[in-house]
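These figures come from a predicted structure and were not determined experimentally. In what follows, chains carry the letters A, B, and so on, assigned in the order in which the sequence lines appear, proteins first and then strands, with residues in each chain numbered from 1.
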Amino acid sequence: MDLISILRIAMRALSRNKMRSALTMLGIIIGVGAVIAMVGVGQGASKQVQDQISAMGSNMLFVSSGTVNRGGLRLGWGQTKTLVYDDMKAIVQQAPAVKEAAPGSATTAQVVFGSDNWFTNVQGTEPQYFDIRSWPMQEGVSFTESDVTSAADVAVIGASVRQNLFGAEDPIGQTVRISKLPFKVVGVLSAKGQSAAMGQDQDDVIFVPITTLQKKLTGEPWLRYIVVSAVSKDATYAAQQEITGLLRDRHRIRQGQDDDFMVRNLADVAQLADQSSRVMTMLLASIAGVSLIVGGIGIMNIMLVSVTERTREIGVRMAIGATEEDVQRQFLIEAVVLSLMGGAAGILFGVGSSLIISKLLGWAVLVSPLAIVAAVIFSAGVGVFFGFYPARKAARLDPIEALRFE
Amino acid sequence: MATVTKNGAITRTKLAELQGLTLEQPVIRVEDVHKYYDLGENKVHALRGVSVEIAGGEFVAIMGASGSGKSTFMNLLGCLDKPSSGRYLLEGTDVSQLDKKALAAIRNRKLGFVFQGFNLLSRTTALENVELPTLYARLPKEERLQRAKESLQLVGLGDRMEHFPSQLSGGQQQRVAIARALVNRPSILLADEPTGNLDSRTSVEIMQIFQTLNEGGLTLVLVTHEPDIARFAKRTIVFRDGKIRRDEPVKDRPRAAEMLKTLPTVED
Ligand SMILES: Nc1ncnc2c1ncn2[C@@H]1O[C@H](COP(=O)(O)OP(=O)(O)OP(=O)(O)O)[C@@H](O)[C@H]1O
Ligand SMILES: [Mg+2]
């Protein structure tokens with residue numbers, strides 16, 4: 001029997017119970033739709049991360065103070081007190097692959113303006129920090145080298161801090177109190193959004209000169225981190241090597257001993273973020289895949305019902321010359337048509353919900369053609385797999401008994 | 001294939017000759033056939049040694065009490081079932097040696113089956129019902145349609161092709177079923193109580209079609225309970241308890257076409 005005839009018969013059989021066919025397809029529709037939407041969300045997130053990371057400057061490196069082993073206990077990163085201002089100077093002067101570097105230390109503090117107050121992250125650094133991170137001012141200017149030298153009470157505020165403390169007011173020239181000390185606001189940074197790797201609000205921050213932070217706010221003479229820019233993107237690895245060698249020397253770390261600092265380049269961070277978003281994509285997709293299997297079981301169930309209902313028809317077909325293969329093929333194709341139609345509707349559903357999710361999350365949800373092709377193949381596969389047993393059952397019927405079936 | 005003139009009479013183009021058979025050669029030869037049904041504890045012995053020969057062009061009516069094994073015998077003839085012992089030769093081929101696929105092909109091309117309950121596919125037009133066996137014969141589309149139309153015209157339903165079974169009377173449905181059985185131009189037509197669900201006038205109409213087909217060279221075997229129907233055949237075989245009790249030619253065979261003229265129509 002030719003395929004067109006089989007398809008026509010299948011369509012007729014399915015349209016005989018429209019409601020039932022539609023409900024059966026629902027499982028596949030949801031399964032395929034969920035796979036497409038979830039993969040789309042995952043890939044969108046991954047692209048978001050990559051975009052943010054490359055926006056940060058792909059030749060950036062990040063040196064942070066390391067862990068301390070205290071009685072065998074490994075404390076978190078940023079605990080050692082060995083990273084100092086002179087390390088930063090040495091990196092700039094002695095590592096040829098390094099273009100610029102800026103020191104960094106941090107604390108958290110209550111910031112007050114008028115009657116408003118805000119608990120935020122206060123970072124101490126030098127003006128080149130904003131260059132390295134390619135983070136321009138939205139308003140005003142950065143503090144200057146001489147502000148650093150004189151440990152001036154000036155601050156540059158992040159977009160979120162501005163929002164929370166000043167609202168619509170112009171912050172430039174205003175005085176805020178950080179841990180009760182008055183600071184003059186000289187600049188407002190442009191908004192950067194959530195950080196890709198950590199998901200924190202990068203704009204919820206106040207920058208002050210490193211010297212001011214160390215002398216007046218924390219009293220810590222050491223650094224928490226150094227941000228570094230390499231001379232080019234390709235030089236980041238060399239820069240990483242040079243910095244590591246240099247700091248090990250300066251900190252007198254003997255061979256075989258662990259570093260008391262950590263150097264990461266953004267490629268590492270990007271890879272890490274990519275990995276985690278890939279894991280998330282897989283997880284979401286496999287949860288969605290489960291519903292595809294549930295949908296397949298629904299198809300199997302309905303096909304079994306259909307075979308029983310149409311036992312007499314099967315008997316007639318066999319009596320007039322249908323072979324076992326003919327009958328089997330007919331029911332198999334019926335199952336595949338059912339699942340493929342579900343798959344097609346599922347693609348529409350998946351693309352539609354991707355668009356909605358993308359609106360809600362505010363990031364691009366990528367509908368990959370690969371996911372669609374995979375969905376089609378998978379749903380056809382589900383049809384074949386779960387249609388096989390019912391079709392086999394139909395083909396194995398004894399024609400006489402089938403004809404006698406009431 | 002026999003062709004039809006306007007008034008429904010079949011011009012003899014010697015179907016049998018076309019198929020390379022002489023009328024007298026047995027197309028069906030059954031040798032000492034037994035059939036048991038194994039129902040766990042008790043065994044039903046449905047056929048107990050049946051031997052019979054049916055020649056090409058014969059028209060046989062099988063009679064017998066309920067449970068005497070008529071349907072069992074017909075299922076064997078129709079290659080829907082195999083004998084427990086004994087041999088069945090169809091046109092000289094031992095059918096019990098064939099595999100399922102070959103049997104399906106025989107059912108499709110050599111045999112036509114007509115059932116008591118019509119067994120048409122619902123929500124499928126008369127034409128599509130008739131076309132069905134040609135689909136399994138894998139004929140090209142134009143030929144399928146051509147044959148199905150011819151076949152429906154042959155049973156006088158040329159004007160009902162697009163009707164669904166639910167829109168047809170019992171007699172019309174049975175004629176569609178006959179058209180379906182004929183569409184692949186079989187040499188043998190088997191009918192198990194084809195008039196069992198029909199009133200007497202409609203039954204005679206069906207018998208008229210059978211007589212005409214038989215005159216065209218088709219071999220016919222039908223099962224019936226009614227002696228009035230069996231009279232239209234050329235030969236009757238009576239079953240009792242799984243054996244053939246009587247096997248005799250029909251004397252004074254009436255012509256269904258003539259009888260129809262004398263029968264009153266039920267309408268008034
Ligand atoms: N599938 C089966 N399983 C078990 N026994 C069966 C089966 N088919 C038929 N029989 C038995 O075989 C015997 C013959 O049955 P069969 O159907 O051939 O009778 P029949 O002559 O056609 O009767 P009727 O005139 O009522 O149709 C009966 O005793 C019946 O119960
Ligand atoms: Mg019977």
Worksheet entry | Region of A:E324 in contact with chain B, defined by heavy-atom distances below 4.5 Å | side chain

Item to complete: Examine whether an atom of A:R310 lies under 4.5 Å from a heavy atom of chain B, and if so say whether it belongs to the side chain, the backbone or both; otherwise answer neither.
Response: neither

Worksheet item: Are the charged groups of B:K100 and A:E325 less than 4.0 angstrom apart, N to O?
Response: no

Discussion item. So which atom in B:F115 and which in A:A319 form the shortest heavy-atom distance, rounded to 0.1 Å?
Written reply: CZ-CB, 3.7 Å

Worksheet, complete the sentence: All heavy atoms of B:L135 vs all of A:S5, minimum pair found to be CD2-OG, 3.1 Å

Discussion item. Quick check for you: to the nearest 0.5 Å, what is the distance between A:E313 atom CD and B:S122 atom OG?
Written reply: 7.5 Å

Discussion item. Main chain of A:I320, side chain of B:N108: is a donor-acceptor contact present, judged purely on distance under 3.5 Å?
Written reply: yes

Worksheet item: Heavy-atom distance under 4.5 Å to chain A: side chain of B:L80, backbone, both or neither?
Response: both

Fill in: Note: B:R138-A:D326 ion pair, threshold 4.0 Å (strictly below)
yes

Worksheet item: Checking B:S71 against chain A: side chain, backbone, both or neither under 4.5 Å from a heavy atom?
Response: neither

Worksheet item: Hey, is the main chain of A:M318 close enough, under 3.5 Å, to the side chain of B:R107 for a donor-acceptor pair?
Response: yes

Item to complete: Check whether B:R180 gets within reach of chain A through its side chain, its backbone, both or neither, counting any heavy atom under 4.5 Å.
Response: side chain

